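Every heavy atom of this structure was used, including side-chain atoms; hydrogens, water molecules and symmetry mates were not. Note on naming: letters A, B, ... go to the chains in the order of the sequence lines (proteins, then strands), and numbering restarts at 1 for each one. Quick caveat, the model's predicted, so the values are computed rather than measured.
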Number of protein chains: 2
Amino acid sequence: MKEKFLNQTNPNVSVDCVIFGFDGVELKVLLVQRDLQDNLEIQDDTLVLPGDLIRDNEDLDEAASRVLTGLTGIRSVFLEQIGAFGNPNRLSKGKDRTWLEAVRLKPDARVITVGYFALINIKNYKIKPAGFAKHVVWHDYKVVEELGFDHNEILDAAIRILRNKLYREPVGFKLLPRKFSLHHLYCLYNEIMDAEIDRRNFRRRMLKTGFLKETDEFQEGVPHKPARLYTFVKKEFENVSRKNFKFY
Amino acid sequence: MKEKFLNQTNPNVSVDCVIFGFDGVELKVLLVQRDLQDNLEIQDDTLVLPGDLIRDNEDLDEAASRVLTGLTGIRSVFLEQIGAFGNPNRLSKGKDRTWLEAVRLKPDARVITVGYFALINIKNYKIKPAGFAKHVVWHDYKVVEELGFDHNEILDAAIRILRNKLYREPVGFKLLPRKFSLHHLYCLYNEIMDAEIDRRNFRRRMLKTGFLKETDEFQEGVPHKPARLYTFVKKEFENVSRKNFKFY
DNA sequence: AAACTTAGTGTAAAATTTACACTTTGATTA
DNA sequence: TAATCAAAGTGTAAATTTTACACTAAGTTT
């Protein structure tokens with residue numbers, strides 16, 4: 001069976017989601033194998049970003065949210081647009097064509113996709129391989145392996161934007177559990193910025209931002225001095241473009 | 001006659017351009033009155049951003065470039081994507097519907113638009129009211145008047161992005177003639193950032209960036225000491241996300 | 001020649017950033 | 001139970017950057 005919701009689906013516009021998670025060491029991206037439905041004869045293990053055509057009654061953000069929720073069960077989450085990708089040849093690689101012809105009602109339609117990126121707490125949910133995709137993997141974000149369609153380009157754009165935001169907006173927390181140690185946050189920054197930040201300066205400056213509130217709780221089960229846990233506190237966040245603002 | 005190029009035009013995706021220019025005092029945006037073609041009976045002086053549906057063989061950037069060139073004659077120019085706008089109700093205001101029904105072959109089609117913003121030297125060209133739009137105006141960017149469709153939203157996004165870029169990337173120059181005085185640049189920064197920057201500090205820091213080269217030429221025809229003119233020099237521009245980089 | 005207008009310049013105080021090493025705490029092990 | 005291990009947690013001095021601020025220079029007009 002080809003696509004459901006045909007009458008309500010826009011054949012020319014899709015969304016694709018770059019879903020980031022942090023396991024304490026590596027920044028991961030959620031990738032899926034394309035769903036071949038009942039086309040068992042096709043051999044295709046290409047990884048792609050989870051995505052879907054948009055429906056006529058939903059906004060772009062809603063479509064991205066639907067994809068994210070369908071895959072992870074997570075509802076309210078950090079989800080922001082990356083931009084639109086519309087190269088006329090973005091669907092013309094061999095395997096991409098094969099897949100489109102097997103699954104899409106209008107396999108030749110020009111499709112513009114709108115990229116989104118999400119930051120989630122990797123431990124907060126179980127991956128549901130239902131719906132779109134049978135195989136779902138958390139992949140190190142430094143992958144260079146070739147994804148389907150133009151998804152490497154979308155992923156690169158997401159990483160660029162994430163790096164730019166990390167120093168200017170309080171977004172790092174979104175990847176952590178509600179209570180976390182400064183060390184945890186520190187590792188996150190090092191991993192995403194691919195840098196080796198000074199530990200003491202990081203700690204002082206991060207605390208100075210006023211976005212952290214200490215709790216009375218400590219790490220448990222570690223074979224050394226347990227670290228204090230903090231929570232993130234929302235506060236009025238003035239316009240980022242204020243010249244000297246640095247998030248951390 | 002309704003739209004030309006119907007067979008090659010994608011009814012679901014458009015581009016809209018926020019074209020900025022600086023006249024020495026105010027930052028301006030180029031707005032057009034919708035082209036009603038031969039529908040003389042319709043009364044509609046709503047201003048909108050210049051835009052068009054995309055064609056099947058062109059990339060999004062190319063479509064935006066086509067709109068810009070068609071209107072201004074300018075070819076190579078700073079042109080960057082703002083993002084995609086796809087609210088299902090973005091075309092449903094009364095006058096917008098009237099216009100769509102008069103001009104579009106599929107007036108009910110869902111249209112997602114991709115916003116672009118351009119920075120041009122306002123004096124470098126003559127506006128050509130040919131093609132898309134009969135009436136073309138440079139409007140102060142602080143306008144709050146209501147534009148057609150969701151174009152206020154697109155304009156706001158463009159301004160936000162421009163402000164963020166101005167302090168981090170060498171983009172201000174794109175709005176100036178090839179040779180300009182530091183005062184000219186200073187006014188540009190004050191106008192865009194809606195601030196009152198210290199004149200001496202601005203001068204020192206701007207020169208320190210290494211993007212300016214002094215010429216032997218000076219202002220002419222001014223009733224006071226003439227200012228030296230500078231040119232912008234391209235140099236390797238390292239990744240913006242370097243933590244402490246400030247453009248000026 | 002005096003008045004006017006904008007161009008162009010320097011410095012000292014304050015704030016921020018950087019580099020850097022030892023003590024504390026709790027768990028494990030000998 | 002004392003010693004060891006591993007990561008947590010802390011302070012300071014030097015360098016750099018940012019800020020605030022006022023007068024002289026140059027060319028035009030009156």
Subject >> Rounded distance in Å - CD (A/E214) to P (D/dA8) >> reply: 16 Å
Original post:
To the nearest angstrom, how far is B/F202 atom CZ from C/dG8 atom P?
Top reply: 13 Å
Subject >> For atom CG of B/L207 and atom P of C/dA7, their distance in whole Å >> reply: 14 Å
**OP:** Please state how far atom OH in A/Y230 lies from atom P in D/dA8, giving the value in whole angstrom units.
**Re:** 12 Å
Subject >> Criterion side-chain contact (heavy atoms from CB on, under 4.5 Å) against A/Q219, the qualifying member of A/R228, A/K225, A/H224 >> reply: A/H224
Subject >> Listed nucleotide nearest any side-chain atom of B/K225, set C/dG26, D/dT19, D/dA25 >> reply: D/dA25
**OP:** Consider the side chain of B/H224, meaning its heavy atoms from C-beta on, and name the nucleotide among D/dA20, C/dT6, D/dG9 that approaches it most closely.
**Re:** C/dT6
Subject >> Plane angle bin for B/F20 and B/F117 - parallel if under 30°, tilted between 30 and 60°, otherwise perpendicular >> reply: perpendicular
Subject >> Student check: side-chain heavy atoms of A/L30 and A/W138 closer than 4.5 Å >> reply: yes
**OP:** Using only side-chain N and O atoms of B/H183, determine if any of them is under 4.0 Å from OP1 or OP2 of C/dA7.
**Re:** yes
**OP:** Calculate the interatomic distance between B/M206 atom CE and D/dT18 atom P; express it in whole Å.
**Re:** 13 Å
**OP:** May I have the distance from B/Y186 (atom OH) to C/dT6 (atom P), rounded to whole angstrom?
**Re:** 13 Å
Original post:
What heavy-atom pair brings B/L49 and B/D16 nearest, and what distance separates the two atoms?
Top reply: O-OD1, 3.8 Å
Original post:
Hey, is the side chain of B/R200 poking within less than 4.0 Å of OP1 or OP2 on C/dG8, counting only N and O atoms?
Top reply: no
Subject >> A/P226 or B/L182, whichever maps to the more 5' nucleotide of DNA chain C >> reply: B/L182
Original post:
Taking only side-chain nitrogens and oxygens of A/R204, does any of them come within less than 4.0 Å of OP1 or OP2 of D/dG11?
Top reply: no
Original post:
Can you check the A/L185 CG to D/dG9 P distance for me, whole Å?
Top reply: 13 Å
Original post:
Taking atom C1' of D/dA8 as reference, at what distance in whole Å does atom NE2 of A/H184 sit?
Top reply: 16 Å
**OP:** Check whether the side chain of B/R199 and the base of C/dG8 form a donor-acceptor pair under 3.5 Å.
**Re:** yes
Original post:
When you check the gap from the basic side-chain N to the acidic O, do B/E153 and B/R90 get nearer than 4.0 Å?
Top reply: no
Subject >> Contact under 4.0 Å: A/R205 side-chain N or O vs C/dT18 OP1/OP2 >> reply: yes
